[in-house]
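First comes the structure, then the notes that go with it.
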Protein chains: 2
Amino acid sequence: MADVAQAAEVSTQTVSRALRDPRSVGPETLARIEKAVRETRYVQNYAASHLASNRSMTVAAIIPTISTSIFAETIQGLTDVLLPEGYQVFLGHTDYTTAREEALVRSLAGRRPDGFFIIGTKHTQEATDILKRTGVPVVESWSWTPRPIDLLVGFSNAAAMMEVVDHLVARGYRRLTFAGMIKPGDHRAKDRLKGFLDAHGRHFPGVEPRVVTTTSGPMVMEAGVELLERVRRDHPETDAVVFASDVLASGALLKCAALGVRVPQDLAITGFGNYDIAAHLVPGLTTIAIASRTIGMEAARLLLRRMQGEEVAARMVDVGFQLLARGST
Amino acid sequence: MADVAQAAEVSTQTVSRALRDPRSVGPETLARIEKAVRETRYVQNYAASHLASNRSMTVAAIIPTISTSIFAETIQGLTDVLLPEGYQVFLGHTDYTTAREEALVRSLAGRRPDGFFIIGTKHTQEATDILKRTGVPVVESWSWTPRPIDLLVGFSNAAAMMEVVDHLVARGYRRLTFAGMIKPGDHRAKDRLKGFLDAHGRHFPGVEPRVVTTTSGPMVMEAGVELLERVRRDHPETDAVVFASDVLASGALLKCAALGVRVPQDLAITGFGNYDIAAHLVPGLTTIAIASRTIGMEAARLLLRRMQGEEVAARMVDVGFQLLARGST
DNA sequence: AGCGATAACGCCACCGCTAACATCTCCGTT
DNA sequence: AACGGAGATGTTAGCGGTGGCGTTATCGCT
């Protein structure tokens, strides 16, 4: 910056001003500085800027995994709103483990982001403490809680799952089985199971609910195939399988086609998430659509407002969900 | 840090040392400092550390989009190797536009990462200049070029596509059509088309190659459905459709099932990428498998070695590809 | 006992930039 | 002509750490 200042024959302070708010310097001074920046190929050092101004112009985002396109859309929404405002997004993934989440929160907090975005509402005590003490806005998401750390953009996974069960019962299915991958740190999957159990208890009081789960492994279609096989072996009376994710449901649905199991006559199948594939499968997959991109965008808007010093009226935003009934039920 | 130093009754310098290399301080001093860190809930400020030490402990990663799980795996591989070494990954996506790539390179360079990872080998002159002048290692990937900026971990998209064509011809298909989404900044898709055209010219000299493309829109299965419809309308003689991506091919394959078009008897279909879905479709999708995760891990290892001051012998790593012949051909 | 080597720790300057305040210039107003 | 105000620019003092070097204590060896 000193080189630029010298080339433009101004002080470094004026260069700094020209870069952060071009209107705050005279027009021909600005032109000289811009020319000098180009000629010296100057690239600003944000670390120094951060240290001096106490604003990092970054937002930390913590997601369970990036391999799942549904969270990717949320991140895409988040960055699409934040980038034009000059904020960079620091992304970390936890692989659904709380230990890694805590380490990540600590590490990211060390970068002093101006805001946090995190998927989920359940964290370790330590992680929660750090998030609360950073002094910057925090958005939790993709779940629901009456008492968020700070801000919340989410929906009730349990309520969504209840709607799936209601739908199946309305269509005449009576012997439902829940199938899902429930990793230790995946509270959203747990909420979905809870929703299933609640609704099942409501519709079929006294009937033992059928549940088949795995607790580890990659979230791929093959896992859905394996869950389907366990359902057919352990609960052959099942007439509808409620999967915790579209990925699993898709694997199962395609397997049914290969096995000659007719969907939805022999077996109904539901998913969760409305992934790209859901509408294209034959038959189409009944599922819950989540406004994944909207969550990211809404979170970004809340963060922006708070980072710019404004108050936000609604600290909790329920983006809801939508049941999409397709051929698989 | 001053608070910690006071609580532990040492100088800040000793605290700093304890944090960056615990063995460099006495054992009971270390214990006092660790206790003080916990009690004061101290979280290190990496911005200051970065400024003073001239190492940011970050790596910048630039990818076209995060919504595509195949790049996500590469990033997962990258972070899985870098995180244990204390490096954070700064992720930016370009949406396949060169203008945005340039802006992103500039912005990320301002964060002074200790290394760059970028997908693709074709960038604007300006972006290339910045990358070269940063003085830190740069890994380009997912493509191939004889003259990378610095390091390269990739494969030849064109060669992979030629293998697909060779395979189809060997299976007896004669009227091939290429179908793909080729966004302006997507040089990998262009390479795939080039590979198709080369192989087609080799097998069918003098025959006009059939090509159907779109240049914009989201990369979703619906786009594959639309491409399939255009192929069937504009080139009804086609007996094999070579898609530039598994996403498109999957959409088309599922659509064929819905339309009653028999695959591979009436129409063969190939994809690219070996996405999760490819093996589960009925029939299975013939495609090119890319060691997506390996690319990220290998890139991370190269970066690490260079960031730790070592030289790397092989600056260019060809991870290759593998044709997976399945039922769709 | 004297010496040098080593380990443990402290002091100082500085990393590159910006907040806050000071200064200067140029107006329009009275 | 004197004055006040606004806009443009410069000066100063850090932001929170770390590199480099100096100091002190300890210990083994001659």
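Convention: sequence-line order gives letters A, B, ...; per-chain numbering from 1. Predicted, not measured: the structure shown is a model, and the values here were computed from it.
Within 3.5 Å, a donor on the side chain of B:Q13 pairs with an acceptor on the base of C:dC11, or the reverse. One cannot find a donor-acceptor pair under 3.5 Å joining the base of D:dG17 and the side-chain atoms of B:R20. Applying the 3.5 Å distance criterion, the base of C:dG10 shares a donor-acceptor pair with the side chain of B:R17.
At a threshold of 4.0 angstrom between heavy atoms, the contacts of A:N45 are confined to the sugar-phosphate backbone, with no base atom among them. Using a 4.0 Å heavy-atom criterion, one finds that A:S11 contacts the bases of the nucleic acid, with or without backbone contacts as well.
Dashed line: the shortest gap from a side-chain N or O of B:T14 to OP1 or OP2 of C:dG10 is under 4.0 Å. Phosphate proximity of C:dT18 to A:S16: present, with a side-chain N or O under 4.0 Å from OP1 or OP2. Proximity of A:T29 to the phosphate of D:dT9: a side-chain N or O atom is located under 4.0 Å from OP1 or OP2. Phosphate proximity of C:dC17 to A:Y42: present, with a side-chain N or O under 4.0 Å from OP1 or OP2. Phosphate contact (OP1/OP2 of C:dT18, side-chain N/O of A:S49, threshold under 4.0 Å): present.
In this structure, A:D21 atom CG and D:dT9 atom P are separated by 13 Å, rounded to whole Å. Remark: C1' of C:dG16 and CE of A:M1 are 8 Å apart, rounded to the nearest angstrom. Protein atom CZ of A:R23 is 15 Å distant from nucleotide atom C1' of D:dA8, rounded to whole Å. Taking atom CG of B:N54 as the reference point, atom C1' of D:dG16 lies 16 Å away to the nearest angstrom. Atom OH of B:Y46 is separated from atom C1' of D:dC15 by 18 Å (rounded to the nearest Å). When rounded to the nearest whole Å, the span between CE of B:M57 and P of D:dG17 equals 16 Å. Between A:E28 atom CD and C:dC26 atom P the separation is 12 Å, expressed in whole Å. The interatomic distance linking B:L19 (CG) with D:dG16 (C1') rounds to 13 Å, in whole Å.
Side chains of A:Q88 and B:S107: a donor on one and an acceptor on the other come within 3.5 Å. Inspection of the B:H187 and B:S143 side chains reveals no N or O donor paired with an N or O acceptor under 3.5 Å.
Candidate nucleotides C:dC17, C:dG10, C:dT18 were compared by shortest atom distance to the side chain of A:A48, and C:dC17 ranks first.
Under the 30°/60° scheme for interplanar angles, the aromatic rings of A:W142 and A:F155 are found to stand perpendicular.
B:D129 and A:R38 are not joined by a salt bridge, as no carboxylate oxygen comes within less than 4.0 angstrom of a charged side-chain nitrogen.
With the nearest nucleotide of DNA chain C identified for both B:V15 and A:L51, B:V15 has the one nearer the 5' end. Remark on DNA chain D: of its neighbouring residues B:R55 and B:A47, the 5'-side contact belongs to B:A47, judged by nearest-heavy-atom nucleotide.
Proximity of A:Y96 to A:R188: side-chain heavy atoms (C-beta onward) are separated by under 4.5 Å at one or more points.
Put simply, CG on A:L78 and CD1 on B:I66 are 9.0 Å apart, with the number rounded to the nearest 0.5 Å.
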